[in-house]
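Report on one structure; see the data block that follows.
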Amino acid sequence: NLGDNFEKVIATGNEILCFCCIDFNIAYGFSVVIKDINLEFNIGKIEQNRKETIERLKEEKLMDLNKEIEIPLVISKIAIIASLHTSGYEDFITNIRKNKYGYRYEIDEFSTSVQGKEAEAEIVKALKKADRKKYDCIVVIRGGGSKIDLDVFNSYEISKQVSAMQSPVFTGIGHETDSTVIDFTANNTFKTPTEVSNYILNKSYEFEQSIQNTYGLIMESYTALME
């Protein structure tokens with residue numbers, strides 16, 4: 001039972017491993033009836049393509065370009081590339097906007113598909129659009145899913161575009177154990193969308209604490225001098 005994976009597996013150009021039988025109908029002639037499909041075969045193909053894409057990016061020296069961009073001391077201007085109102089997006093945006101510290105962030109949203117035929121082109125287009133403006137970081141997020149669901153983020157074209165961005169790119173795709181090719185070309189990668197937001201909040205908190213500590217030292221010096 002393919003369930004939600006049907007359109008992803010039974011697509012033009014895909015190779016499948018299946019159990020089938022031959023059927024004959026007087027009106028329509030011979031036909032091949034697929035009884036079962038081995039999803040492990042498709043997952044194996046995904047892993048093979050993933051490794052080949054990583055090797056290609058290494059050969060073209062694209063793996064570390066975005067990592068070389070310095071992350072600001074405090075992150076305040078953020079671009080989000082995601083499918084809006086999905087669980088991954090909601091986890092990120094709720095944590096950022098309703099944080100207990102009261103920090104405020106300037107956020108631009110770029111809505112894209114994160115799976116399906118149009119997803120790759122939409123994500124590349126969103127990255128290029130976001131690159132017209134300098135951000136403190138660009139966040140690419142998606143909630144969990146199967147390896148087939150997340151396969152779009154193994155795209156060479158998306159990973160190549162990430163490497164060319166002028167702003168640091170953070171990824172938070174899938175669950176704890178998920179890893180995609182885009183993670184290798186991003187500046188910083190996190191296991192989940194929530195972890196990305198926690199990192200941004202922590203940078204703000206650490207900066208605030210350093211300012212407060214410095215102020216405390218200044219006041220101590222001032223008091224000592226006045227005495």
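The main-chain N or O of I71 is never found under 3.5 Å from a side-chain atom of K203 such that the two would form a donor-acceptor pair. Remark: the backbone N or O of N49 is not paired with any side-chain donor or acceptor of N154 at under 3.5 angstrom. Using a distance-only test at 3.5 Å, with no hydrogens or angles considered, a donor-acceptor pair links the side chain of E122 to the main chain of S113. Under a 3.5 Å cut-off, the side chain of D183 and the backbone N or O of S179 do not form any donor-acceptor pair. A distance-only check finds no donor-acceptor pair linking the side chain of Q161 to the backbone of L127 [under 3.5 Å]. Between the side chain of T94 and the main chain of D91, no donor-acceptor pair closer than 3.5 Å is present. Put simply, the side chain of N25 gets close to the backbone of Y28: a donor and an acceptor are under 3.5 Å apart. At distances below 3.5 Å, at least one donor-acceptor pair connects side-chain atoms of D136 with backbone N or O atoms of K77.
Residues L65 and T185 are not in side-chain contact: their nearest non-hydrogen atoms beyond the backbone lie 4.5 Å or more apart. Using a 4.5 Å heavy-atom cutoff, the side chains of Y135 and D108 are in contact. No side-chain heavy atom of E106 sits less than 4.5 Å from a side-chain heavy atom of S76. At least one side-chain heavy atom of I182 sits under 4.5 Å from a side-chain heavy atom of S159. In this structure the side chain of K125 never reaches within 4.5 angstrom of the side chain of K129, judged on heavy atoms. Contact of the R50 side chain with the F184 side chain is registered, since non-hydrogen atoms from C-beta on lie closer than 4.5 Å. Residues P168 and N188 fail the side-chain proximity criterion, which asks for heavy atoms closer than 4.5 Å. Between T86 and V114 the shortest side-chain heavy-atom distance does not fall below 4.5 Å.
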E208 vs Y103, side-chain hydrogen bond (donor to acceptor under 3.5 Å, both in side chains): CA-CA, chis, key distance, verdict: CA-CA 10 Å; E208 182 184 23; Y103 301 145; 2.4 Å; yes

N66 vs S163, side-chain hydrogen bond (donor to acceptor under 3.5 Å, both in side chains): CA-CA, chis, key distance, verdict: CA-CA 5 Å; N66 197 256; S163 73; over 6 Å; no

Residues C137, V139; criterion side chain to side chain contact (heavy atoms under 4.5 Å, CB included); working and verdict: CA-CA 6 Å; C137 73; V139 179; 3.8 Å; yes

Residues I96, L201; criterion side chain to side chain contact (heavy atoms under 4.5 Å, CB included); working and verdict: CA-CA 7 Å; I96 278 286; L201 292 169; 4.3 Å; yes

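Partner of F153 under the side chain to side chain contact (heavy atoms under 4.5 Å, CB included) criterion, chosen from T171, I173, V162: I173.
Around atom NZ of K134, more than 12 heavy atoms belonging to other residues, nucleotides or ligands sit under 6.0 Å away.
Under the 30°/60° scheme for interplanar angles, the aromatic rings of F24 and F30 are found to be tilted. Under the 30°/60° scheme for interplanar angles, the aromatic rings of Y199 and F190 are found to be tilted.
A donor-acceptor contact closer than 3.5 angstrom links the side chains of Y105 and S204.
Geometric assessment of R56 against the ring of Y156 yields a positive cation-pi assignment under the 6.0 Å and 45° thresholds.
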